Amino acid sequence: MDAPAASALHDAVLDWYDDHARDLPWRGVAATPWSVMVSEFMLQQTPVARVLPVHAAWLERWPTPADLAAESTGEAVRMWGRLGYPRRALRLHAAAVAIVERHGGAVPTWYADLLALPGVGDYTASAIASFAYGQRHVVLDTNVRRVLARAVSGVEFPAPAVTRAERDVATSLLPDAPATAATWAVATMELGALVCTARQPSCDTCPIAELCAWRAAGFPAYDGPPRRGQAWAGTDRQCRGRIMALARDQSSVSTAQVEQAWPEREQRERCLPGLVADGLLTQITPGRWSLPG
DNA sequence: AAGACGTGGGC
DNA sequence: TGCCCAAGTCT
């Protein structure tokens with residue numbers, strides 16, 4: 001994309017964001033690097049609406065990394081509630097411990113230090129550096145990837161995994177000024193979340209409809225590799241989820257309760273030790289389990 | 001590098 | 001009614 005076109009894209013998206021940005025707690029004046037970090041962990045594969053109440057409860061209870069680091073991992077898992085992927089609670093706790101040990105209790109400023117924390121990958125490190133510290137980073141999440149795939153590449157959906165070409169496009173479009181780049185990152189994410197959605201994009205209200213390559217091409221249908229959904233019924237994940245729901249809601253869980261929650265013996269006898277191995281559960285007495293103390 | 005890893009809401 | 005999707009990370 002040439003420079004004038006990129007500039008037009010920037011202006012349209014940034015102006016739109018100015019008028020339509022949601023007032024989310026991790027964006028407000030009260031937001032801290034820590035609240036941003038907590039939100040990023042919770043938002044990994046989980047919708048904003050479900051994160052909102054849990055995020056508020058976490059920040060109230062653990063206003064700083066040191067507060068969380070001083071708690072047991074089990075409490076973190078319990079407070080995680082039904083957000084899903086409870087290992088994220090474990091990793092956030094471990095990240096808080098690392099922050100206290102290696103960074104004096106302050107969320108690190110630099111991408112490389114962030115990336116070294118448990119549960120922090122390229123996206124989360126870029127997001128924290130950008131949103132919490134106003135730095136210039138390519139922030140490639142599913143929303144941004146979809147927006148760029150459509151607007152720039154003219155296809156409905158991006159490849160299953162981030163490609164070099166995709167990163168090059170995102171890099172070439174990143175505004176030079178750090179503050180503008182940071183706003184561009186949230187703004188493109190917001191556009192993907194609210195307008196350029198996966199199922200039913202609102203092209204009639206899209207600020208960049210006139211510039212969109214996918215629209216210009218007549219909205220060609222996706223023809224890439226099959227986008228695989230995840231099996232659920234009868235999987236280990238479902239079994240583990242049942243057991244964890246039990247453990248979250250009670251101080252401890254008996255073998256009988258687990259058997260009732262998941263009658264299929266072989267799978268149950270694989271998942272229970274699996275949860276213990278993952279640090280999500282501990283055996284407190286023979287035949288009795290609980291969240292880690 | 002494909003697959004594991006939770007949960008619930010919307011169409 | 002199911003199927004698809006939601007600010008990914010780790011192995």
Side-chain angles (χ1 to χ4, degrees), chain A residues 21-22 24-27 31 35-55 77 80-92 94-95 114-132 137-148 156-163 170 182 185-194 196-202 222 225-249 261-262 267 270-271 274-275 277-281:
Chain A
R22 287 169 294 180
L24 300 172
W26 43 88
R27 285 180 189 164
S35 70
V36 170
M37 178 168 165
V38 171
S39 79
E40 291 305 336
F41 269 74
M42 293 181 171
L43 288 164
Q44 292 168 1
Q45 300 284 281
T46 305
V48 168
R50 287 174 43 212
V51 164
L52 251 13
V54 184
H55 182 265
V77 172
W80 196 256
R82 303 170 168 225
L83 285 185
Y85 291 145
R87 49 180 47 179
R88 288 182 295 166
L90 248 27
R91 290 176 181 151
L92 182 49
L114 290 162
L115 190 61
L117 297 172
V120 176
D122 169 70
Y123 163 74
T124 302
S126 305
I128 296 172
S130 181
F131 305 156
H137 286 277
V138 168
V139 179
L140 268 188
D141 82 318
T142 189
N143 291 303
V144 176
R145 296 187 64 212
R146 188 175 53 250
V147 168
L148 297 184
E156 185 177 14
F157 295 114
V162 176
T163 64
V186 244
T188 46
M189 282 177 65
E190 192 78 334
L191 187 62
L194 299 181
C196 194
T197 59
R199 287 178 177 149
Q200 194 170 10
S202 312
Y222 176 76
R227 298 151 49 75
R228 19 182 1 108
Q230 299 178 328
W232 174 246
T235 61
D236 282 8
R237 280 159 65 223
Q238 185 184 30
C239 176
R240 290 163 57 105
R242 290 271 176 81
I243 297 172
M244 287 306 293
L246 240 35
R248 247 186 271 120
D249 297 339
W262 201 268
Q267 192 169 31
R270 174 172 66 246
C271 290
L275 290 168
D278 288 346
L280 254 9
L281 238 40

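In this text, all values refer to a predicted model and were calculated from it rather than measured experimentally.
- Listed by chain and number, the residues in a side chain to side chain donor-acceptor pair (under 3.5 Å) with A:T124 are A:Q44 (sequence neighbours excluded).
- Near DNA chain C, defined here as any heavy-atom distance below 4.0 Å, the residues from residues 116-126 of chain A are A:P118, A:G119, A:V120, A:G121, A:D122, A:Y123, A:T124, listed numerically.
- Checked against B:dC5, B:dT7, C:dA7, the side chain of A:D236 finds its nearest nucleotide in B:dC5.
- The nearest whole Å value for the distance from the CG atom in A:L114 to the P atom in C:dG8 is 17 Å.
- Considering only side-chain atoms of A:R227, the nucleotide from C:dA7, C:dC5, B:dG6 that sits closest is C:dC5.
- In this structure, CZ of A:R88 is placed 9 Å from P of C:dG8, rounded to the nearest angstrom.
- B:dA2 and C:dA7: their C1' atoms are spaced 23 Å apart (whole Å).
- Evaluation of the side chain to side chain contact (heavy atoms under 4.5 Å, CB included) rule for A:T235 yields A:A231, A:W232, A:R237, A:Q238 as partners, not counting sequence neighbours.
- Residue A:R82 has a polar side-chain atom (N or O) positioned under 4.0 Å from OP1 or OP2 of B:dG8.
- Judged by distance alone, with hydrogens and angles left aside, the side-chain atoms of A:R88 form a donor-acceptor pair with the main-chain N or O of A:F41 at under 3.5 Å.
- Side-chain nitrogen and oxygen atoms of A:Q45 include at least one within less than 4.0 Å of the OP1 or OP2 phosphate oxygen of C:dG8.
- At whole-Å resolution of the value, CD in A:E190 and C1' in C:dA6 are 14 Å apart.
- Nucleotide C:dA7 holds its C1' atom 12 Å from the NE2 atom of A:H55, rounded to whole Å.
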Hey, what are the protein-to-nucleotides 9-11 of chain B N/O distances that come in under 3.5 Å?
residue	atom	partner	partner atom	Å
B:dG10	N2	A:R199	NH2	3.4

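- To the nearest angstrom, C1' of B:dG6 lies 13 Å from CG of A:D278.
- Taking only distance into account, the side chain of A:T46 never meets the base of B:dG8 through a donor-acceptor pair shorter than 3.5 Å.
- Among residue pairs with one or both ends in residues 39-55 of chain A, none qualify as salt bridge (Lys or Arg N to Asp or Glu O under 4.0 Å); sequence neighbours excluded.
- Straight-line distance between the P atoms of C:dT9 and B:dG8: roughly 23 Å, to the nearest whole Å.
- A:R22 comes within contact range of at least one nucleobase, with a heavy-atom separation under 4.0 Å.
- Atoms CD (A:Q44) and P (C:dG8) sit 7 Å apart, rounded to a whole Å.
- Among the atoms of the strands shown, none is found under 4.0 Å from any heavy atom of A:P160.
- Across the protein-nucleic acid pair, A:W232 atom CH2 and C:dA6 atom P stand 18 Å apart, rounded to whole Å.
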Could you go through A:L43 and A:Y123, starting from their C-alpha distance and side-chain angles, then the distance that decides it, and tell me whether this counts as side-chain contact (heavy atoms from CB on, under 4.5 Å)? CA-CA 11 Å; A:L43 288 164; A:Y123 163 74; over 6 Å; no
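- Look at CG on A:D141: it is 6 Å from P on C:dA7, rounded to the nearest Å.
- Within a 6.0 Å sphere centred on CZ of A:R248, other residues, nucleotides and ligands contribute more than 12 heavy atoms.
- Between the side chains of A:S39 and A:R27, no donor-acceptor pair of N or O atoms lies under 3.5 Å.
- Applying the side chain to side chain donor-acceptor pair (under 3.5 Å) test to A:Q267 and every residue at least two apart in sequence or in another chain returns A:D236, A:W262.
- Listed pair A:R91 / B:dC5 fails the phosphate criterion, with no side-chain N or O lying under 4.0 Å from OP1 or OP2.
- Every residue was checked against the side chain to side chain donor-acceptor pair (under 3.5 Å) condition with A:T142, not counting sequence neighbours, and none meets it.
- For A:D141, the side chain to side chain donor-acceptor pair (under 3.5 Å) criterion is met by A:N143, not counting sequence neighbours.
- Taking the side chain of A:P47 as heavy atoms from C-beta on, and the options B:dG8, C:dA6, C:dC5, the nearest nucleotide is C:dA6.
- Distance from the side chain of A:R146 is smallest to C:dA6 among C:dC5, C:dA6, B:dG6.
- When distances are taken from the side chain of A:R240 to each of C:dC5, B:dC5, C:dG8, the shortest belongs to B:dC5.
- The ring-ring contact (aromatic ring centres under 6.0 Å, His included) test applied to A:Y85 returns no partner, not counting sequence neighbours.
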